[in-house]
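Taking it in order: structure first as structure tokens, then the write-up.
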Amino acid sequence: MEANKVKLLNFSGAYIDAKYIENVKNYSIQNRTIVINPQASDAHLSQAPASVIPAFSSTILNDTIIQKAESLLLFKVVETNNITKLIFEPNWGLLGDLIDGFPKDVPLWRSPQDEAGIVELDPYSMTRQWSTPQQKERFSVKVNLWFAPSNSDCVIHNQHNFIEIHTQIFGQGRMQKFKEEALNSLYEDMLMSPGFTTSVPFCQVQENQKYVYPWHQYYADTDSIWLAIEYHPT
């Protein structure tokens, strides 16, 4: 495979530049960029002493070179003035208009979804159900952005047929876990600032590619844009 094969993601636009890059070799990051490693292996920077972006995590880089990585997701916020207007970019939609049965009065918008390659990983290791990888499965990585205005609950839920992690792109928010489908049953409140990724998935893996999630939701403290990274079994 050619080195540094770049794909512009289909929700990249005037406010957020979003790219997926495979077979990363000595790739230059010139401006402030959120760099997400969606792989089970570390990404390595060229700086000394040695520096890595661990598996399923992210950081913010500027004026440096990524020495090697299997693949990366790169996000730059290129315009903050009126950034909430990104929901009017092509194929964004209010979730209540996109999904039957989702409440239309919840101010939650979703971008189109794009694919960011195929990865091989041990899902039980990814979810920390065992400490060392033992068997690998193939997953299609699908990504999309979300937007919610400040002080928004984005609906408690516990059903997904994939493994997911999230990265904060703009604003301040939280990923929250609940004992039941009720806001007053909150038991974990994970604060998210730009460049932070929830690197350990919330779910547990069961046989036949079934993923069991706690009740959870995203909460927007400010106007917030975040990335969903979904691992779909192939």
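When reading the values below, keep in mind they use all heavy atoms of this one structure, side chains included, and skip hydrogens, waters and symmetry mates. Along the sequence shown, residues carry numbers from 1. Since the model is a prediction, treat every value here as computed from it, not as a measurement.
No donor-acceptor distance shorter than 3.5 angstrom exists from the side chain of D223 to the backbone of P149, with no hydrogens or angles considered. In terms of modelled atom types and a separation under 3.5 Å, the side chain of N10 and the main chain of Q113 share a donor-acceptor contact. Side-chain atoms of Y211 do not come within 3.5 Å of backbone N or O of I163 as any donor-acceptor pair. Side-chain N or O atoms of S58 include one that pairs as donor or acceptor with a backbone N or O of G195 at under 3.5 Å. Under the 3.5 Å distance criterion, the side-chain polar atoms of Q168 are matched with a main-chain donor or acceptor of G171. The main-chain N or O of H216 is found under 3.5 Å from a side-chain atom of H157 such that the two form a donor-acceptor pair. For the pair S185 (side chain) and E180 (backbone), a donor-acceptor distance under 3.5 Å is present. Distance alone, capped at 3.5 Å, is enough to place a donor-acceptor pair between the T198 side chain and the H166 backbone. Although no hydrogens or angles enter the test, the distance criterion places a donor-acceptor pair under 3.5 Å between the side chain of D122 and the main chain of Q135. A donor-acceptor contact shorter than 3.5 Å is absent between the side chain of D42 and the backbone of V52.
For the atom pair I34 CD1 and I16 CD1, the distance stands at 8.0 Å (nearest 0.5 Å). Taking CE of M175 as the start and CD1 of I165 as the end, the distance is 11.0 Å to the nearest 0.5 Å. Once rounded to the nearest 0.5 Å, the distance linking CD of E120 with CD1 of I118 reads 9.5 Å. Atom-to-atom distance recorded for L191:CG and Q172:CD is 8.5 Å, nearest 0.5 angstrom. Between atom CG of residue D221 and atom CE of residue M192 there is a gap of 11.0 Å, rounded to the nearest 0.5 Å. Note that the CD1 atom of I21 and the CD1 atom of I66 stand 7.0 Å from one another [nearest 0.5 Å].
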Task: Trace of the side-chain hydrogen bond (donor to acceptor under 3.5 Å, both in side chains) decision for S199 with S57 - done: CA-CA 5 Å; S199 56; S57 75; over 6 Å; no
- [ ] Check the pair L95, W146 against side-chain contact (heavy atoms from CB on, under 4.5 Å), reporting the backbone distance first and the verdict last.
- [x] CA-CA 10 Å; L95 196 63; W146 295 90; 3.7 Å; yes
- [ ] For side-chain contact (heavy atoms from CB on, under 4.5 Å), just list the numbers for Q217 and L183, CA-CA rounded to whole Å, side-chain angles, deciding distance to a tenth of an Å, and then say yes or no.
- [x] CA-CA 10 Å; Q217 74 160 1; L183 291 173; 3.7 Å; yes
TODO: Tell me, with the steps shown, if Y15 and F170 meet side-chain contact (heavy atoms from CB on, under 4.5 Å).
DONE: CA-CA 11 Å; Y15 297 96; F170 176 84; over 6 Å; no
- [ ] Could you give me the CA-CA distance, side-chain angles and deciding distance for K5 and N23, then say whether side-chain contact (heavy atoms from CB on, under 4.5 Å) is met?
- [x] CA-CA 7 Å; K5 183 178 179 182; N23 194 25; 5.9 Å; no
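The pair E115-K142 does not count as a salt bridge, with every side-chain nitrogen at least 4.0 angstrom from each carboxylate oxygen.
Linking Ile, Leu, Val, Met, Phe, Trp and Tyr whenever their side-chain heavy atoms come within less than 4.5 Å puts Y231 and V205 in one cluster. Cluster annotation: I169 and I53 are assigned to distinct hydrophobic clusters (Ile/Leu/Val/Met/Phe/Trp/Tyr, side-chain heavy-atom contacts under 4.5 Å, transitive). Under a hydrophobic clustering in which Ile, Leu, Val, Met, Phe, Trp and Tyr are joined whenever their side-chain heavy atoms come within less than 4.5 Å, directly or via other members, Y27 and I60 fall into different clusters. In the hydrophobic clustering of ILVMFWY residues, with side-chain heavy atoms under 4.5 Å counting as a link, F147 and F102 come out together. A continuous path of ILVMFWY side-chain contacts below 4.5 Å connects I229 to W109, so both sit in one hydrophobic cluster.
The nearest pair of heavy atoms linking S224 to G173 is OG-N, 4.2 Å. The two atoms that bring I156 and F178 nearest to each other are CG1-CE1, 3.9 Å, heavy atoms only. Contact between S111 and N144 at its shortest, heavy atoms only, is OG-CB, 3.5 Å.
Judged as a ring-ring contact (aromatic ring centres under 6.0 Å, His included), and not counting sequence neighbours, the contacts of Y124 are W130. In this view, K68 satisfies the salt bridge (Lys or Arg N to Asp or Glu O under 4.0 Å) rule with no residue, not counting sequence neighbours. Every residue was checked against the salt bridge (Lys or Arg N to Asp or Glu O under 4.0 Å) condition with D153, not counting sequence neighbours, and none meets it. Scanning for salt bridge (Lys or Arg N to Asp or Glu O under 4.0 Å) contacts around D114 gives K7, with sequence neighbours left out.
Between H160 and Y213, the two ring planes are perpendicular [angle over 60°; tilted spans 30° to 60°].
Counting only residues at least two apart or on different chains, the salt bridge (charged side-chain N to carboxylate O under 4.0 Å, His left out) pairs with a member in residues 182-205 are R174-D189, K177-E188.
Counting non-hydrogen atoms of neighbouring residues, nucleotides and ligands closer than 6.0 angstrom, the OH atom of Y187 exceeds 12 such neighbours. Annotation for Q47: atom CD counts as buried by contact number, over 12 foreign heavy atoms lying within 6.0 Å.
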Contacts under 3.5 angstrom, residues 71-84 side chains, donor-acceptor by atom type, not counting sequence neighbours:
residue : atom : partner : partner atom : Å
S71     : OG   : Q39     : NE2          : 2.8
E79     : OE2  : N81     : N            : 2.9

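Ring to ring, W226 and Y218 are close: their centroids are under 6.0 angstrom apart.
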